[in-house]
Novice: 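One structure, as structure tokens, below. Some questions next.
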Amino acid sequence: MQDSYDVIVVGAGVIGGAIAYTLSKRGAKVLVLEKDHLASKASSAAAGMLAAQAELDGEGPLFPLAKKSRSMFPKLALEIKEVSGIDMELVNKGMLKVALNEQQKNDFQRIVTMQQDSGEQAEWLSGEEVKEKEPTLSEDVLGGMYLEKDGQLEARQLTLGFLKSATALGALIKENVEVKSFTYKNGKVTGVATNEGTFVSDKVIVACGAWSSQLLSNTGLSLDTYPVKGECFSVITHRPLLSSTVFSEGCYLVPKKGGRLVVGATIKPNTFNQQVTLGGISTLMDKAKILMPQIVEAEWERAWSSIRPQTVDGLPYLGHHPEYAGLLIATGHYRNGILLSPITGEVIADLVEGITPSVDITPFRVERLVKQLHESGAGTCN
Ligand code: FAD
Ligand code: GLY
């Protein structure tokens, strides 16, 4: 007889990991299926910024979700360390979003005022004040927003921490297992069909990042999503050149443990090609040199790339499949999947348990952008 599970999570990135961990913590019997290896895609490529205020200006429904998620990290870091032994290297030294021209200066000053008015901690620093805080930054910096609460961490460690903690709490994770389609009965999902046979559960969560819409097309659902490639590189500076994370339009510098500095990231929509290109990395190098001229003396470490999952309205999909009961979707986290992972785990676990989530998820429901929902491919077991 086949083993059956309370929940099957498809995809072992940070989103699948957060969901598996949260559900395991709540006592569910969870199976995670990953077509490649743990944390092999976007979740290992990420710079690990928790940039709720630097990446989102303060308007729109994603901002409260991002802030709530950011606030969950200190407790989560302790929990994950205790359960799995993995240190996600959470750093709370703030983020400096710097202006390199007058237009940016005006825009960022307006955002600081708007965020202050809504009760956020945000401070405008003049060019001199920025230089005092981070002396290695260039004279071209005209000023910057200092966002004390925007931290950063090691994204791969976070992802592995979620997954290993889920395992420690009883979850089973299978690598090299690709989910090809879903099985159904009377409009309800009954499991998944894979290259390793079928697995049974009446709750299946699709957390396949940029590849989610391909898998969901099997259900007749056409999600309005697209892939966005991002390339990064890292250098070793031996002595730390920065304290805070520095964010600018088109380039960020994230100081990591051991004198590492992560420099990211390019943005190239509509490609699944994950090759690192000379064009991408040299553009980033030029921008990094403008921000911090001393970077030219740093020792080269490595370069990498992966694919972000984006939606046409920039909001993730968090919710039930519009047609098949028990099939849930968590994708489209674009540039903020690391930041949004803890709250996504909670929201999806609530939906699985039939509890109303503590945050309003109406703006993220799956139906909002669905282009078409038809019968082809749905209801099959192949
Ligand atoms: P992924 O990590 O891509 O995981 C999806 C998994 O599903 C993969 O392992 C894949 O192999 C698996 N899969 C796919 N199809 C199947 C199938 N059919 N069967 C089984 N398994 C399947 N976010 C931040 O918050 N802060 C940052 O600083 C940040 N920096 C970034 C920098 C770069 C260069 C990039 C590319 C992204 C960055 N992001 C950042 C965004 C973040 O990485 C993503 O939003 C997040 O990793 C998405 O997680 P995911 O689990 O949805 O997708
Ligand atoms: N959040 C940073 C990136 O996606 O590049």
Side-chain angles (χ1 to χ4, degrees), residues 8-20 31-52 54-56 66 69-70 73 95 150-156 158-159 162-163 173-182 192-196 199 204-218 225 227-234 245 247 250-252 254 262-268 272 274 276 280 284 303-311 316-318 329-342 344-345:
I8 295 176
V9 177
V10 189
V14 76
I15 298 301
I19 295 166
L31 171 67
V32 180
L33 299 175
E34 164 56 49
K35 80 170 172 192
D36 197 326
H37 297 293
L38 308 189
S40 52
K41 300 290 191 303
S43 303
S44 276
M49 294 178 294
L50 307 177
E55 291 235 29
L56 308 167
S69 203
R70 185 183 62 184
F73 279 96
M95 207 164 288
D150 277 355
Q152 53 112 346
L153 49 73
E154 274 295 336
R156 183 175 164 77
L158 168 69
T159 308
F162 275 134
L163 291 162
I173 301 180
K174 287 179 178 279
E175 296 174 281
N176 301 309
V177 177
E178 179 174 359
V179 173
K180 306 273 191 188
S181 63
F182 308 94
V192 295
T194 78
N195 56 320
E196 298 276 329
F199 295 90
V204 176
I205 323 286
V206 175
C208 298
W211 296 269
S212 300
S213 54
Q214 283 169 12
L215 178 58
L216 284 161
S217 65
N218 272 307
T225 59
V228 182
K229 178 179 178 179
E231 293 165 88
C232 289
F233 70 90
S234 57
T245 296
F247 195 98
C251 181
Y252 48 75
V254 191
V262 171
V263 181
T266 60
I267 296 181
K268 186 172 183 189
F272 281 100
Q274 290 179 68
V276 176
L284 274 182
W304 63 90
S305 126
S306 195
I307 310 296
R308 308 174 182 93
Q310 174 62 312
T311 61
Y317 285 110
L318 304 175
I329 299 165
T331 190
H333 296 75
Y334 187 41
R335 290 179 63 118
N336 294 302
I338 303 302
L339 167 66
L340 294 168
S341 57
T344 299

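Counting starts at 1 for both ligands and their atoms, in listed order. We use all heavy atoms of the structure for the numbers below, so side chains are in, but hydrogens, waters and symmetry mates are not.
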Novice: With heavy-atom distances below 4.0 Å as the criterion, list the atoms of ligand 1 near Trp211.
Specialist: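 Those of ligand 1 that fall under 4.0 Å from Trp211 are 3 (O), 14 (C), 15 (N).
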
Novice: Report the part of Val254 in contact with ligand 1, treating N, CA, C, O as backbone and CB onward as side chain, heavy atoms under 4.0 Å; options are side chain, backbone, both, neither.
Specialist: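 The answer is neither.
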
Novice: For atom 11 (O) of ligand 1, which of Gln310, Lys35, Gln214, Glu34 has the closest heavy atom?
Specialist: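 Shortest heavy-atom distance from atom 11 (O) of ligand 1: Glu34.
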
Novice: Can you sort out which atoms of ligand 2 are near Glu55, meaning under 4.0 Å from one of its heavy atoms?
Specialist: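 Answer, ordered by atom number: 1 (N), 2 (C).
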
Novice: Can you list the atoms of ligand 1 that are under 4.0 Å from a heavy atom of Glu178?
Specialist: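 Atoms satisfying the 4.0 Å criterion: 18 (N), 19 (N).
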
Novice: Any atoms of ligand 1 less than 4.0 Å from a non-hydrogen atom of Gly48? List them with their elements.
Specialist: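 It comes down to these atoms of ligand 1: 27 (C), 28 (O).
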
Novice: Is there any N or O on Arg335 that sits under 3.5 Å from an N or O of ligand 1?
Specialist: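 In this structure, Arg335 places an N or O atom under 3.5 Å from an N or O of ligand 1.
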
Novice: Run the numbers for me: atoms of ligand 1, each under 4.0 Å from some heavy atom of Ser306, listed by number.
Specialist: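 Near Ser306, meaning under 4.0 Å from one of its heavy atoms, ligand 1 has 36 (C).
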
Novice: Measuring from atom 53 (O) of ligand 1, which candidate in Ala18, Gly230, Ala52, Gly209 has the nearest non-hydrogen atom?
Specialist: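 The nearest heavy atom belongs to Gly209.
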
Novice: When you look for heavy atoms under 4.0 Å from ligand 2, do you find them on the side chain of Tyr334, its backbone, both, or neither?
Specialist: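 Contact part for Tyr334 vs ligand 2: neither.
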
Novice: Could you tell me whether the side chain of Glu34 and the main chain of Asp36 form a donor-acceptor pair under 3.5 Å?
Specialist: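 Indeed, once roles are kept as given, a pair shorter than 3.5 Å links the two residues.
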
Novice: Between Val10 and ligand 1, find which residue part has any heavy-atom pair under 4.0 Å and reply side chain, backbone, both or neither.
Specialist: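 Within the 4.0 Å criterion, Val10 contacts ligand 1 through side-chain atoms alone.
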
Novice: Give a yes/no on ligand 1: does Thr331 have at least one heavy atom closer than 4.0 angstrom to it?
Specialist: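 So Thr331 does not count as touching ligand 1.
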
Novice: Give yes or no for whether the N/O distance cutoff of 3.5 Å, strictly under, is met between Ala45 and ligand 1.
Specialist: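 It does not: no N or O of Ala45 is found under 3.5 Å from an N or O of ligand 1.
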
Novice: For the backbone of Glu231 and the side chain of Ser305, can you confirm whether one donor and one acceptor N or O come within less than 3.5 Å of each other?
Specialist: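 Such a contact is absent between Ser305 side chain and Glu231 backbone.
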
Novice: Any N/O of Ser43 closer than 3.5 Å to an N/O of ligand 1?
Specialist: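 For ligand 1, there is an N or O atom that lies under 3.5 Å from one belonging to Ser43.
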
Novice: Return yes if some donor-acceptor pair links the side-chain N/O of Asn218 with the main-chain N/O of Leu215 below 3.5 Å, else return no.
Specialist: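 Yes, Asn218 side chain to Leu215 backbone: donor-acceptor pair under 3.5 Å.
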
Novice: Side chain or backbone of Phe247 under 4.0 Å from ligand 1, or both, or neither, by non-hydrogen atoms?
Specialist: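 Under 4.0 Å from ligand 1, Phe247 contributes no heavy atoms.
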
Novice: Just heavy atoms, cut-off under 4.0 Å: does Ser212 contact ligand 1 by side chain, backbone, both, or neither?
Specialist: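 Under 4.0 Å from ligand 1, Ser212 contributes no heavy atoms.
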
Novice: Please state which protein non-hydrogen atom is closest to atom 4 (O) of ligand 2 and give its distance, to 0.1 Å?
Specialist: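 Protein heavy atom with the smallest distance to atom 4 (O) of ligand 2: Arg308 NE, 2.8 Å.
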
Novice: Do any nitrogen or oxygen atoms of Ala330 come within less than 3.5 Å of a nitrogen or oxygen of ligand 1?
Specialist: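 There is no such contact.
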
Novice: Would you mind telling me if ligand 1 is within reach of the side chain of Val177, the backbone, both or neither, using heavy atoms under 4.0 Å?
Specialist: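 It is the backbone that touches ligand 1; the side chain stays farther off.
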
Novice: Any N/O of Leu339 closer than 3.5 Å to an N/O of ligand 1?
Specialist: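 Indeed, backbone or side chain, Leu339 has an N or O that close.
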
Novice: Which of the atoms of ligand 1 are close to Leu33, meaning less than 4.0 Å from one of its heavy atoms?
Specialist: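 The atoms of ligand 1 under 4.0 Å from a heavy atom of Leu33 are 20 (C), 21 (N).
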
Novice: Please could you name the atoms of ligand 2 that Ala265 approaches to less than 4.0 Å, counting only its heavy atoms?
Specialist: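 So the atoms of ligand 2 that pass are 5 (O).
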
Novice: Give the contacting part of Cys232 toward ligand 1: side chain, backbone, both or neither, where contact means a heavy-atom distance below 4.0 Å.
Specialist: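 It is the side chain that gets close, since no backbone atom is under 4.0 Å.
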
Novice: With respect to Ile15, determine whether any N or O atom, backbone or side chain, lies less than 3.5 Å from an N or O atom of ligand 1.
Specialist: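 Yes, at least one N or O pair falls under 3.5 Å.
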
Novice: Quick one: does Gly264 get a heavy atom under 4.0 Å from ligand 1?
Specialist: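 The answer is no: ligand 1 sits nowhere under 4.0 Å from a heavy atom of Gly264.
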
Novice: If the plane angle is over 60° it's perpendicular, under 30° parallel, otherwise tilted; pick one for Phe247 and Tyr252.
Specialist: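 Answer is parallel, since the angle falls under 30°.
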
Novice: Pairs of nitrogen or oxygen atoms closer than 3.5 Å, one from Ala210 and one from ligand 1: do any exist?
Specialist: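 Between Ala210 and ligand 1 (N or O atoms, distance only) the closest approach is not under 3.5 Å.
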
Novice: Compare Ala54, Gly337, Pro227, Ala47 and give the one whose heavy atom is closest to atom 30 (N) of ligand 1.
Specialist: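 Checking each option, the heavy atom nearest atom 30 (N) of ligand 1 is found in Ala47.
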
Novice: Below 3.5 Å, N or O to N or O, backbone or side chain included: is there any such pair between Asp36 and ligand 1?
Specialist: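 Asp36 vs ligand 1: no N/O contact under 3.5 Å.
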
Novice: Out of Cys208, Gly16, Gly11, who is nearest to atom 5 (C) of ligand 1 when you count heavy atoms only?
Specialist: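 Comparing heavy atoms across Cys208, Gly16, Gly11, the nearest one to atom 5 (C) of ligand 1 lies in Cys208.
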
